[in-house]
There are 2 protein chains.
Amino acid sequence: MDAAIACFRRRGFHQATMAEICAEAGISAGALYRYFSSKADIIGAIAEDKRGENDEAFKRAADQHGFIEAICLSARGFFDKFADGDGALIADILSEAIRDDAVSASLRCTDQSSVQIFMQAFRHAQTRGEIDATLDPEIATNTLFGALEGIGLRRAFCRETDADEAISQFRALAERYLEPRP
Amino acid sequence: MDAAIACFRRRGFHQATMAEICAEAGISAGALYRYFSSKADIIGAIAEDKRGENDEAFKRAADQHGFIEAICLSARGFFDKFADGDGALIADILSEAIRDDAVSASLRCTDQSSVQIFMQAFRHAQTRGEIDATLDPEIATNTLFGALEGIGLRRAFCRETDADEAISQFRALAERYLEPRP
DNA sequence: ACCTGAACACCGTTCAAGT
DNA sequence: ACCTGAACACCGTTCAAGT
């Protein structure tokens with residue numbers, strides 16, 4: 001899987017060939033298909049793996065700092081990927097996940113557990129009065145996830161690679177969206 | 001180009017073959033390459049075309065109704081595409097535009113003129129007091145574009161196809177983001 | 001049981017030949 | 001000048017043969 005990440009990062013999902021991944025991993029084509037059922041399956045597995053790492057970091061941050069600080073920290077990790085040139089790869093993952101039900105089902109499950117973790121922190125922040133208590137936690141979490149991803153993709157499209165700018169852009173949106181109403 | 005749209009919609013960008021597009025359009029492979037230099041070039045041309053249509057609708061709406069109503073109307077047109085199953089196609093366009101500089105350069109130019117149109121309406125709304133005057137028009141416009149796209153993609157990923165729900169989700173975000181501050 | 005890699009099926013692109 | 005479509009180069013996937 002590390003070999004696949006290296007190849008996808010170097011050349012992109014559709015440009016990288018199975019032969020390259022095999023060479024990088026030091027195995028044959030047949031062996032690769034023993035571990036992954038298709039090329040789309042590889043990208044799905046990568047996406048799930050990355051998501052799991054991020055959840056852990058968020059949970060720690062949400063305990064120590066506020067909810068907004070914690071999502072901005074998550075955002076930093078996410079925007080750094082775009083700075084590394086992984087923007088197109090993330091778009092490819094989305095495309096495969098939207099089109100391919102096999103990839104999607106498993107990724108949606110992982111995504112759902114991320115949403116649960118964020119929702120729990122969201123509710124705590126609501127009771128603390130840090131964010132607006134009238135917001136629906138599930139809708140708001142999904143809105144923030146979507147906006148974060150969209151801002152990152154758009155910045156990659158516009159060739160804007162400064163991660164700090166991206167974060168302050170996202171932070172301004174999140175703060176105004178979540179701010180308690182009088 | 002209509003033939004390509006039909007094929008991409010039916011089977012997706014990477015699944016649709018040039019042979020299919022040729023058959024649908026009633027021309028040969030050689031002739032197709034007289035009009036488009038590559039498969040990526042076709043999707044770029046489609047994206048530019050769609051964007052132009054939307055700009056016109058937005059300009060009319062911004063004059064008649066407020067800025068927020070106008071972007072929600074744009075959002076409706078956009079979310080309807082996802083309901084039609086074009087979510088993966090939009091992700092493919094983004095992926096190609098992020099990776100391929102030839103596709104990107106021309107699409108960015110079209111995008112930039114959309115941004116200009118939105119920014120102008122944005123400034124008018126600021127002077128009218130409809131939205132917060134302290135927001136930077138360019139950053140805010142890009143943030144809204146990114147958030148809109150991200151919410152659409154995420155909903156497609158989650159298999160949520162209700163366009164009305166999508167709009168109210170986006171509207172809540174936009175209203176809170178743009179609301180004048182005391 | 002697990003791996004190898006040649007073979008297969010398929011697709012984007014080109015270009016010599018035709019009109 | 002413009003089009004045709006066979007041919008080319010290439011890639012994801014499979015499976016008979018090997019260990």
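Keep in mind that what you see is a predicted model, and the values were worked out from it rather than measured. Proteins come first, then strands; the chains are lettered A, B, ... in the order of their sequence lines, and each starts at number 1. What you see below is based on every heavy atom in this structure, not just the backbone, and it leaves out hydrogens, waters and symmetry mates.
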Does D84(B) reach the main-chain N or O of D86(B) with its side chain, forming a donor-acceptor pair under 3.5 Å? no
Watson-Crick and G-U pairing of DNA chain D written in dot-bracket, each distance under 3.5 angstrom, with | for inter-strand partners: ||.|||||...|||||.||
Atom-pair distance (NZ on K39(A); P on dC10(C)), nearest Å: 18 Å
Just compare dC11(C), dC3(D), dC11(D) and give me whichever is closest to any side-chain atom of T17(A). dC11(D)
Around atom CD of E138(B), are there more than 12 heavy atoms of other residues, nucleotides or ligands at under 6.0 Å? no
Check this for me: Q120(B), atom CD, are more than 12 non-hydrogen atoms of other residues, nucleotides or ligands nearer than 6.0 Å? no
Between dC3(D), dC2(C), dG5(C), which one does the side chain of S28(A) approach most closely? dG5(C)
Across all chains, not counting sequence neighbours, the side chain to side chain contact (heavy atoms under 4.5 Å, CB included) partners of R51(B) are D55(B), T110(B), D111(B), S114(B), F145(B)
Interatomic distance where CD1 belongs to I21(A) and C1' belongs to dC10(D) [whole Å]: 15 Å
Under a plain distance cut-off of 3.5 Å, with no hydrogens placed, do Q169(B) and R155(B) share a side-chain donor-acceptor pair? yes
Is F36(A) touching bases, backbone alone, or none of the nucleic acid, heavy atoms closer than 4.0 Å? nothing
Report which part of the nucleic acid A40(B) touches: base, sugar-phosphate, or nothing (heavy-atom distance under 4.0 Å, all strands). nothing
Separation of L32(A) atom CG from dC15(D) atom C1', in whole Å? 16 Å
Check nucleotides 17-19 of chain C against the protein and report each pair of N or O atoms closer than 3.5 Å, with its distance, or say if there are none.
none

Tell me if a side-chain donor or acceptor on D49(B) pairs with a main-chain N or O of A45(B) at a distance below 3.5 Å. no
Are any side-chain N or O atoms of K39(B) and backbone N or O atoms of A16(B), one a donor and one an acceptor, separated by less than 3.5 Å? yes
According to the interplanar angle, ranging from 0 to 90°, do the rings of F118(A) and F58(A) count as parallel (below 30°), tilted (30 to 60°) or perpendicular (above 60°)? parallel
dG12(D) P sits how many Å from Q15(A) CD, rounded? 10 Å
For M18(B) and dT4(D), what is the distance between atoms CE and C1' respectively, to the nearest whole Å? 16 Å
Separation of atom OH in Y35(B) from atom P in dT13(C), rounded to whole Å: 18 Å
With nearest nucleotide decided by heavy atoms, which residue, S37(A) or E20(A), maps closer to the 5′ end of DNA chain D? E20(A)
Let me know the distance between OH of Y33(A) and C1' of dT4(C), rounded to the nearest Å. 15 Å
Is the F79(B) ring parallel, tilted or perpendicular to the F82(B) ring (thresholds 30°, 60°)? tilted
Measure from CD1 on I42(B) to C1' on dG12(C) and round the result to the nearest Å. 10 Å
From the set dT4(D), dG12(C), dT4(C), return the single nucleotide nearest to any side-chain atom of I27(B). dT4(D)
Are V115(A) and L73(A) connected in the hydrophobic side-chain network, where two residues link if heavy atoms are under 4.5 Å apart? no
So which nucleotide from dT4(C), dG5(C), dT13(C) ends up closest to the side chain of A29(A)? dG5(C)
